[in-house]
Amino acid sequence: MKYISTRGQAPALSFEDVVLTGLAPDGGLYVPETLPTFSAEEIASWAGLSYQDLAFKVIAPFVGGDIPDADLKKIIDDSYETFHHDAIAPLVQTGHNEWILELFQGPTLAFKDFALQFLGNLLDYILKKREQKVVVMGATSGDTGSAAIEGCCHCDNIDIFILHPHQRVSDVQRRQMTSVLTDNVHNIALEGNFDDCQNMVKSSFGDQSFLPEGRQLVAVNSINWARIMAQIVYYFYAGTALGAPNRPVAFSVPTGNFGDIFAGYLASKMGLPIDQLIVATNANDILHRCISDNDHSKKELVHSLSPSMDIMVSSNFERLLFDLYDRDGAAIGELVEEFKSGSMPLSDAALEKMRSLFSSYRLDDDAMIEVIRKVFDDTGYLLDPHTAIGVEAARKVRKRSDIPMVCLATASPAKFPEAARKAGQSEDPALPHSMQDLFDREERYTVQPNDLSVIQQFVANNTRA
Ligand SMILES: *Cc1c(COP(=O)(O)O)cnc(C)c1O
């Protein structure tokens with residue numbers, strides 16, 4: 001299997017090489033040259049498989065023989081061993097034909113563990129085989145950093161550096177990152193905001209000459225193809241549990257960078273009968289405006305109570321655009337160029353294709369809090385702020401009530417006690433057993449100035465020989 005850039009100007013890469021990179025050299029994102037597809041009979045035969053066995057079926061065609069089956073199977077098994085629930089992604093019913101897919105049973109209580117536990121093990125395997133060492137550098141406003149650190153902390157051939165905005169992530173989020181004390185993990189609290197963190201990482205990827213001889217940077221944000229790939233699995237898992245391929249399913253997805261829902265789009269292209277994919281956004285609603293009004297224009301970032309969706313421009317949207325424009329890399333290059341002026345209207349044909357599968361909805365903080373309160377009053381089930389937006393979006397724009405609607409629960413409510421209290425909970429939602437001592441654990445991080453050369457020097461000095 002080969003991987004090509006959405007801008008059409010970069011050489012194609014093998015699976016292993018695409019995992020070890022970030023953006024393509026032409027600025028695009030890598031996607032598979034062709035998608036594997038599964039027949040209805042094949043999908044029907046997966047009913048009842050364990051999450052890990054299903055993951056192998058879905059992932060193996062993308063790896064295309066780069067990794068022997070037995071090794072791939074072990075990478076997958078090890079990745080989901082760390083989850084706290086035997087079902088890995090349990091379904092809970094909250095209404096008529098309405099289901100919550102709990103994607104927060106991993107070590108850091110957010111859906112990013114699905115991809116980052118897997119990516120950590122995959123990198124470890126590839127690097128050992130190649131006798132190669134790499135540096136992981138990433139920026140986080142919260143969930144990505146802890147999931148990446150948990151994924152990479154046991155990898156001998158990786159030194160990982162995660163930048164977070166100093167004093168601007170929650171205590172739970174910071175402690176989840178800074179209490180991992182293995183000597184390949186470095187937390188940098190940057191005296192700046194999240195954009196500053198992200199710009200440092202971007203500049204460092206652009207010119208890697210500050211790294212020690214023979215090292216390269218690997219991206220662990222959702223531009224890394226392996227993250228998208230691992231997320232396709234739970235769409236098939238939930239779909240087959242609810243009757244696919246004999247009946248269709250629908251999904252509502254709390255969306256930020258468009259990585260999670262893009263995996264759902266791929267599942268539908270691969271043969272899962274998906275009737276509707278709902279893009280649920282908070283006040284940072286560029287995707288909702290694009291889908292509903294063809295208004296894909298930049299607006300000031302709003303800080304919301306669903307911080308993991310506080311994103312001004314969604315990077316993975318380019319992967320969808322590539323398909324909507326019939327995989328014409330030059331057309332994508334032109335669109336991106338146009339977007340530099342601030343706005344990017346889509347063609348009628350692209351818009352029509354998108355709307356045949358995607359719907360969208362936007363919810364601001366006050367309305368989101370009311371959803372947490374209402375769902376708890378009705379069912380006793382406590383939603384986190386991101387998931388609450390997805391549930392309300394499903395209730396507002398769902399097309400057919402006879403088709404099961406799966407709302408992806410992207411984080412545990414225990415990560416967001418402030419929202420729970422605002423919604424009338426008298427006590428903070430409990431952290432799971434494995435994290436009860438989080439506030440007693442030793443922390444390690446370094447506060448650094450908002451200065452690229454200082455950060456790069458720090459990374460170079462702390463990369464192990
Ligand atoms: C990352 C994240 C999202 C957004 O996912 P994307 O793939 O960026 O669209 C939503 N909810 C939570 C809790 C997250 O951590």
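None of the values given here were measured: they were computed from a predicted structure. Indexing begins at 1, ligand by ligand and atom by atom, following the structure's order. In this chain, numbering begins with 1 at the start of the sequence shown.
- No close placement of the Tyr381 and Phe376 rings is indicated, their centers lying 6.0 Å or farther apart.
- Ring geometry for Tyr445 against His166 counts as tilted: the plane angle lies between 30° and 60°, on a 0 to 90° scale.
- Salt-bridge formation is detected for the pair Lys415/Asp143: a Lys NZ or Arg NE/NH1/NH2 atom is positioned less than 4.0 Å from an Asp or Glu carboxylate oxygen.
- In this structure, Ser222 falls outside the shell of residues with a heavy atom less than 4.0 angstrom from ligand 1.
- Between the side chains of Thr446 and Gln448, a donor-acceptor pair is found at a separation under 3.5 Å.
- Relative ring orientation between Trp46 and Phe236 is described as perpendicular, the plane-to-plane angle rising above 60° on a 0-90° scale split at 30° and 60°.
- Proximity of Phe104 to ligand 1 is not established, as no heavy-atom distance is less than 4.0 Å.
- At least one donor-acceptor pair under 3.5 Å links the side chain of Thr6 to the backbone N or O of Leu29.
- Residue contacts with ligand 1, taken as heavy atom pairs separated by less than 4.0 Å, involve Phe111 solely via side-chain atoms from C-beta onward.
- Those atoms of ligand 1 with a heavy atom of Thr255 less than 4.0 angstrom away are 9 (O).
- Between Gly256 and ligand 1, at least one N/O pair is under 3.5 Å apart.
- Distances below 4.0 Å separate heavy atoms of Lys112 from the following atoms of ligand 1: 1 (C), 2 (C), 3 (C), 14 (C), 15 (O).
- Between the side chains of Asp323 and Tyr265, at least one donor N or O lies within less than 3.5 Å of an accepting N or O.
- Residue contacts with ligand 1 for Asp260 involve both N, CA, C or O and side-chain atoms from C-beta outward (heavy atoms, distance under 4.0 Å).
- In terms of polar-atom proximity, Phe258 is counted as a contact of ligand 1, with an N or O under 3.5 Å from an N or O of the ligand.
- Of the candidates Thr410, Asp113, Asn257, Thr281, it is Asn257 that places a heavy atom closest to atom 6 (P) of ligand 1.
- Ring geometry for Phe258 versus Phe317: interplanar angle over 60°, hence perpendicular rather than tilted (30 to 60°).
- Of all atoms in ligand 1, numbered sequentially from 1 with element shown, those under 4.0 Å from a heavy atom of Ala411 are 13 (C).
- Both the sub-6.0 Å distance and the 45° axial angle are not jointly satisfied by Lys2 relative to the ring of Tyr30.
- Between Gly259 and ligand 1, an N or O atom pair is found at a separation short of 3.5 Å.
- Every N/O-N/O distance between Asp384 and ligand 1 stays at or above 3.5 Å.
- Near Pro254, the atoms of ligand 1 lying under 4.0 angstrom from a non-hydrogen atom of the residue are 4 (C), 10 (C).
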